[in-house]
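Below: one structure, written as structure tokens.
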Amino acid sequence: MGDAMTKKNIAVYLDFLPDPASCDVAEDGYIISKRQVYGFNKTEIAALLAALALAHELAAETTIYSIGSEQPRALVARALAVGLNNSLHIGNCTWQGNIPAAAKARAFCRNALPFDILLTANSAFAAMIGEILDLPVATSVSKLDLQQDS
């Protein structure tokens with residue numbers, strides 16, 4: 001975690017899951033991945049907007065995190081285009097299928113840059129990060145108010 005003398009850092013973790021309506025299943029029972037459509041859902045958009053607002057108020061740096069076998073480049077590019085500063089992908093091409101939230105949380109904690117606040121639409125992920133790093137967690141936030149630099 002940062003202190004008052006260093007630039008604040010805001011981490012934004014998004015799951016980057018495909019739109020459920022685009023998940024076609026083949027005859028063998030597996031999802032046809034080339035047909036999947038990815039986009040931000042409403043809670044992910046809220047996390048991005050909150051990160052942008054906080055970054056503006058605090059003159060903070062923002063980093064968007066993706067975890068998995070490959071980075072969803074088109075979505076990361078959209079987030080960077082609206083004002084997030086950095087992107088960090090955690091994972092490698094050997095990861096297959098749905099990665100458990102606990103594995104994602106461990107990978108995040110091992111690889112994330114120091115941050116002052118983590119914003120995510122995934123409350124289970126947030127709770128695990130809080131537990132691992134011994135940080136306070138709010139899993140449902142409807143409004144953020146700044147008071148000085150807090």
Side-chain angles (χ1 to χ4, degrees), residues 1-23 31 33 36-150:
M1 300 290 286
D3 60 37
M5 301 306 290
T6 61
K7 186 166 189 131
K8 300 289 184 190
N9 292 294
I10 300 168
V12 182
Y13 169 74
L14 301 176
D15 281 316
F16 295 110
L17 298 175
D19 182 339
S22 72
C23 292
I31 291 176
S33 61
Q36 292 177 327
V37 176
Y38 291 82
F40 298 120
N41 65 34
K42 290 179 183 181
T43 55
E44 291 168 331
I45 291 169
L48 288 169
L49 292 175
L52 291 169
L54 284 172
H56 177 74
E57 291 291 323
L58 297 172
E61 287 284 320
T62 54
T63 302
I64 189 168
Y65 289 88
S66 56
I67 297 176
S69 59
E70 58 185 71
Q71 185 181 53
R73 290 185 181 98
L75 293 181
V76 170
R78 280 196 231 161
L80 295 174
V82 297
L84 272 74
N85 302 104
N86 308 299
S87 168
L88 182 65
H89 178 70
I90 300 168
N92 61 55
C93 61
T94 64
W95 289 8
Q96 296 295 319
N98 191 15
I99 303 161
K104 289 180 180 182
R106 284 191 306 276
F108 178 86
C109 290
R110 284 193 305 268
N111 296 284
L113 302 172
F115 61 89
D116 295 288
I117 188 169
L118 168 64
L119 300 173
T120 180
N122 185 328
S123 60
F125 180 83
M128 289 178 201
I129 297 300
E131 180 68 25
I132 293 168
L133 298 179
D134 195 28
L135 297 173
V137 175
T139 58
S140 180
V141 177
S142 60
K143 185 177 180 185
L144 293 172
D145 286 319
L146 290 177
Q147 296 194 3
Q148 295 180 13
D149 69 345
S150 299

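Keep in mind the model is a prediction, meaning the values are calculated, not measured.
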Please report the shortest heavy-atom distance between [X] and [Y], naming the atom on each side.
X      : Y      : result
Ala101 : Phe125 : O-CD1, 4.4 Å
Cys109 : Ile132 : SG-CG2, 3.5 Å
Ile129 : Ala105 : CD1-O, 3.6 Å
Ile10  : Ala60  : CD1-CB, 3.8 Å

About how many Å separate [atom2] of [Y] and [atom1] of [X], when rounded to the nearest 0.5 Å?
X      : Y      : atom1 : atom2 : answer
Ile45  : Arg78  : CD1   : CZ    : 9.0 Å
Leu54  : Lys8   : CG    : NZ    : 11.5 Å
Ile64  : Thr120 : CD1   : OG1   : 10.0 Å
Leu119 : Leu49  : CG    : CG    : 11.0 Å
Asp116 : Lys7   : CG    : NZ    : 11.5 Å
Leu14  : Glu44  : CG    : CD    : 5.0 Å

Sorted by chain and residue number, the side-chain hydrogen bond (donor to acceptor under 3.5 Å, both in side chains) partners of Asn111 (sequence neighbours excluded) come out as none
Got a sec, which residues hit side-chain hydrogen bond (donor to acceptor under 3.5 Å, both in side chains) with Tyr13, two or more places apart in sequence or on another chain? Asp15
Apply the test side chain to side chain contact (heavy atoms under 4.5 Å, CB included) to residues Leu133 and Phe115: give CA-CA distance (whole Å), side-chain angles for both, the deciding distance (0.1 Å), then the verdict. CA-CA 11 Å; Leu133 298 179; Phe115 61 89; 3.9 Å; yes
Atom pairs and distances, side-chain donor-acceptor, residues 81-90, under 3.5 Å, sequence neighbours left out:
unit_1: Asn85; atom_1: OD1; unit_2: Thr62; atom_2: N; d: 2.8
unit_1: Asn85; atom_1: OD1; unit_2: Thr62; atom_2: OG1; d: 2.9
unit_1: Asn86; atom_1: ND2; unit_2: Glu61; atom_2: OE1; d: 3.4
unit_1: Asn86; atom_1: ND2; unit_2: Thr62; atom_2: O; d: 3.4
unit_1: Ser87; atom_1: OG; unit_2: Gln71; atom_2: NE2; d: 2.7
unit_1: His89; atom_1: ND1; unit_2: Ser66; atom_2: O; d: 3.4
unit_1: His89; atom_1: ND1; unit_2: Ser66; atom_2: OG; d: 2.8
unit_1: His89; atom_1: NE2; unit_2: Gly68; atom_2: O; d: 3.1

